[in-house]
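To keep things clear, I will list the structure first and then write my remarks on it.
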Amino acid sequence: VIDDKLITDADGSKTVTATITFSEAMNQTLAPTITNNANTTLTNAVNGKWTSSTTYTIEYKVADVNVELADVKFNVSGAKDLAGNTQTAVTDVTTGTKIDTLAPTVSSVAITSATGAENATLNAGDVVTATVIMSEATTVTGTPQLDLNIGGTTVQANYKAGSGTN
């Protein structure tokens, strides 16, 4: 289990903790070997420790590396129980944690309506609606502008609506 179910760009440099739970009391003088399928995003594993006889925790730094991953999975091996038996290695243990540090991109831009256009030609004073489609749902902050080249002149179109959608 990871203590953050959705790791995003905003989590860059944050520390997340993974908790590994064993079915019986383990030898706490030996650390298990732990790997995951998100090693470019979950980096610098530190502070691995037994917090109880059946629970081992380890911390990772989050790196923003433009990754999208549906589920962080762990492989755990090498731990021993109190009788000295080596645990059966487990692979691809799902955590339910998703990683999305992939920055959204513009997929398309289209003029979807124009008020005042005559003969399919835009004229000074016409109101144009340009629709920008993003690669994923995007939260908008501030007032972004879209540069439009009209007859060799750049005109800024102000953002109107659609935060939280693509």
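Note that the structure is predicted; figures quoted are calculated from it, not measured. The first residue in the sequence is number 1, and the count goes up from there.
In this structure, K73 has no salt bridge (Lys or Arg N to Asp or Glu O under 4.0 Å) partners at least two apart in sequence or on a different chain. N66 pairs by the side chain to side chain donor-acceptor pair (under 3.5 Å) definition with nothing, not counting sequence neighbours. In terms of the side-chain contact (heavy atoms from CB on, under 4.5 Å) criterion, residue partners of T40 (sequence neighbours excluded) are, by chain and number, V65, V67. With sequence neighbours excluded, no residue forms a side chain to side chain donor-acceptor pair (under 3.5 Å) with D3. Among residues two or more places apart in sequence or in another chain, the salt bridge (Lys or Arg N to Asp or Glu O under 4.0 Å) test is passed with D100 by none. Legend: residues meeting side-chain contact (heavy atoms from CB on, under 4.5 Å) with A83, ordered by chain and number and at least two apart, are D81, N85. With sequence neighbours left out, the side chain to side chain donor-acceptor pair (under 3.5 Å) criterion links N44 to no other residue. For F22, the ring-ring contact (aromatic ring centres under 6.0 Å, His included) test picks out W50, with sequence neighbours left out. Residues passing the side chain to side chain donor-acceptor pair (under 3.5 Å) test with N27, sequence neighbours excluded: T29.
When all heavy atoms of M26 and L82 are compared, the closest pair comes out as O-CD2, 3.5 Å. Summarising the geometry of Q87 relative to G78, their closest heavy-atom pair is OE1-N, 3.8 Å, with the distance given to 0.1 Å. Residue P32 comes nearest to V76 through the heavy atom pair CB-CG1, 4.0 Å, listed as atom of the first residue, atom of the second, then distance. Here the shortest heavy-atom pairing between A45 and I58 reads CB-CD1, 3.7 Å.
Between N37 and L69 the shortest side-chain heavy-atom distance falls below 4.5 Å. You'll find the side chain of V72 reaches within 4.5 Å of the side chain of I99, heavy atoms only. Contact annotation: the side chain of T131 never approaches that of V109 to less than 4.5 Å [non-hydrogen atoms, C-beta and beyond]. A heavy-atom distance below 4.5 Å is found between the side chains of L6 and T8. Contact check for F74 versus I34: side-chain heavy atoms found under the 4.5 Å cut-off. Annotation: side chain of N36 is not in contact with side chain of N75 (no heavy-atom distance under 4.5 Å). The closest side-chain heavy-atom distance from V62 to V16 is below 4.5 Å. Using a 4.5 Å heavy-atom threshold, the side chains of V106 and M134 count as touching.
Between the side chain of K61 and the main chain of G12, no donor-acceptor pair closer than 3.5 Å is present. Within the 3.5 Å criterion, the main-chain N or O of T105 finds a donor-acceptor partner in the side chain of S135. Remark: the backbone N or O of T54 is paired with a side-chain donor or acceptor of S52 at under 3.5 angstrom.
Annotation: the span from I111 atom CD1 to T129 atom OG1 amounts to 9.5 Å, rounded to 0.5 Å. Atoms OG and CD1, from S108 and I133 in turn, are 5.0 Å apart once rounded to the nearest 0.5 Å.
Just one residue in the list V1, T19, I2 forms a side-chain contact (heavy atoms from CB on, under 4.5 Å) with T95, and that residue is I2.
The environment of K49 atom NZ is sparse: at most 12 non-hydrogen atoms of other residues, nucleotides or ligands sit within 6.0 angstrom.
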Practice prompt. For side chain to side chain contact (heavy atoms under 4.5 Å, CB included), just list the numbers for L42 and I7, CA-CA rounded to whole Å, side-chain angles, deciding distance to a tenth of an Å, and then say yes or no.
Written response: CA-CA 10 Å; L42 299 180; I7 296 171; 3.8 Å; yes

Exercise answer: donor-acceptor pairs, residues 136-147 side-chain atoms, under 3.5 Å, sequence neighbours excluded:
{"residue": "T138", "atom": "OG1", "partner": "E136", "partner atom": "O", "Å": "2.8"}
{"residue": "Q145", "atom": "NE2", "partner": "N158", "partner atom": "OD1", "Å": "2.7"}
{"residue": "D147", "atom": "OD1", "partner": "Q156", "partner atom": "NE2", "Å": "3.0"}

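Using a 4.5 Å cut-off between side-chain heavy atoms of Ile, Leu, Val, Met, Phe, Trp and Tyr, with links allowed through other members, L30 and V46 fall into different hydrophobic clusters.
Residue pairs that meet the salt bridge (charged side-chain N to carboxylate O under 4.0 Å, His left out) test with at least one member in residues 9-36, sequence neighbours left out, are D4-K14, D11-K14. For residues 78-113, there are no ring pair (Phe, Tyr, Trp, His ring centres under 6.0 Å) pairs, not counting sequence neighbours.
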